Amino acid sequence: MANKDFQPGIEQARALDQQDVLGKYRSRFFPLTDNKVYMDGNSLGLASIDAEKALLKVMDVWKKEGILIWNVDNGHYFNYGKNLGNRVGKLINAGENEVMITANTTLNIHQAIATFWRPTKERYKILVDDLNFPTDRYAIDSQVLLKGMKVDEVVKVVNSNNGVFIDEDAIIAAMTEDVAVILLPSVLYRSSQLLDMERLTKEAHKRGIYIGFDLCHSIGAVAHNFEAIQPDFAIWCNYKYLSAGPGATAGIYVNKKHFDKQVGLSGWFGNKDETQFQLKHQFDQALDITAYQTGTPNMFSMAPLEGVLNIYEEAGMENVRAKSLNLTAYMMYLIDTRLKDYNYSYSNGTEDAKRGGHIALVHEEAYRICLALKKHNVIPDFREPNVIRLAPIALYNSYEEVYHLIETLELIGKNKEWNDFSNERAIVI
Ligand SMILES: *Cc1c(COP(=O)(O)O)cnc(C)c1O
């Protein structure tokens with residue numbers, strides 16, 4: 001539960017930092033050049049000492065062992081995707097061997113749809129929302145086209161009625177008999193809305209529909225309980241909150257009740273271990289999450305995850321979620337009390353159960369305010385047309401940094417500092 005008893009001065013920020021049980025993990029992450037205040041860990045988490053160490057270790061093993069790397073530590077690296085998957089799985093309370101670290105998010109969506117969407121004459125639709133991140137739609141649409149079907153006949157879109165939140169009742173109402181598969185975000189990347197995944201999954205299953213979630217904006221921030229939710233599948237990237245490095249290998253969860261399903265996209269690393277090196281031309285599919293791997297694990301993109309998971313395991317996912325909620329509650333309090341006069345507002349939910357790890361600050365000058373923030377050594381994240389995403393990360397951001405951020409936003413508002421910048425968009429914003 002987030003604290004409700006916030007006070008205006010910087011003294012409280014300092015006191016909260018003093019009492020913070022996760023404060024000690026800040027020193028495990030590298031400070032940025034010029035000690036920038038980083039509020040963009042929901043796009044790319046920061047590098048940690050542990051991540052660097054794990055990466056250098058893989059380099060060292062390769063250096064010393066060559067091809068024998070596959071045998072080192074009882075096949076640890078041969079089974080790297082599954083070994084890391086089991087550790088990430090604990091963060092969402094998934095079962096043993098239900099998570100694989102492999103590919104990227106987009107490819108894992110292709111994999112999930114190719115596996116779970118087997119259209120029949122009666123059940124052929126894929127249900128989505130209109131606020132999810134676009135790559136999810138691109139992947140789904142191309143799967144539909146690959147089957148020679150028409151996107152507008154197959155993909156059923158539940159539209160948000162305000163462009164900010166998804167109405168869960170509207171999604172449930174759209175679960176008609178012709179729907180085969182549903183893909184939804186756990187947390188919306190713009191408004192931070194956290195969906196009631198357990199309720200949606202129950203409703204889908206009542207109607208015989210498969211349901212999966214994109215956890216990109218919740219993995220490492222929200223302590224999901226997959227043993228209770230029991231979705232059919234999930235996919236995510238590991239480079240946002242989880243801080244496993246730029247382009248880190250992604251994750252896929254498949255509920256063990258589906259391990260008898262023929263995997264949609266197969267490759268030799270999805271074969272049973274026992275027969276993989278017989279190199280037969282007939283695929284002998286592994287009967288667990290291994291099946292969802294295609295080729296050789298890209299180890300340098302996985303090693304930093306192995307390192308940063310040490311920090312997560314020491315810190316505890318429940319503590320991470322509790323601090324994250326309190327940091328964002330504190331931020332909302334400061335926005336309410338200090339920024340209202342300068343036309344700032346936020347479009348995320350205020351209830352703990354309905355928000356992820358970031359605040360969606362709204363201002364008509366959002367783009368140029370982001371440029372001004374960067375000039376003040378604060379790194380935010382902009383999303384068209386008017387949202388500044390601010391993610392204080394439980395493992396390395398402090399209450400004092402949140403306070404400093406709000407002070408800076410106040411100053412920018414007071415002096416209309418956006419007038420110093422151009423509105424022309426850069427490529428990566
Ligand atoms: C970040 C993000 C992705 C990223 O996909 P990649 O294939 O890993 O680049 C996909 N979906 C959502 C919802 C995201 O937030």
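As the structure lists them, so they are numbered: ligands from 1, and atoms in each ligand from 1. Every value quoted in this text rests on a predicted model; they were computed, and no experiment measured them. In this chain, residues are counted from 1 in sequence order.
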* Mark yes or no: Arg425 above the aromatic ring of Tyr367, with NZ or CZ under 6.0 Å from the six-membered ring centre and no more than 45 degrees from the axis. =>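 Yes, Arg425 sits over the ring of Tyr367.
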Taking the six-membered ring for Trp and the single ring otherwise, decide whether the centroids of [X] and [Y] are under 6.0 Å apart.
{"X": "Trp418", "Y": "His363", "answer": "yes"}
{"X": "Phe269", "Y": "Phe78", "answer": "yes"}
{"X": "Trp268", "Y": "Phe277", "answer": "yes"}

* **Test log, rule ring-ring contact (aromatic ring centres under 6.0 Å, His included), inputs His258 and Phe116** => CA-CA 9 Å; His258 297 304; Phe116 282 87; 5.0 Å; yes
* Asked: Hey, is Glu351 close enough to Arg355 for a salt bridge, meaning N to O under 4.0 Å?
  -> no
* Let me know which protein residues bring a heavy atom to under 4.0 Å of ligand 1; chain then number is fine for ordering. => Asn104, Thr105, Thr106, Asn132, Phe133, Thr135, Asp136, Asp214, Cys216, His217, Cys237, Tyr239, Lys240
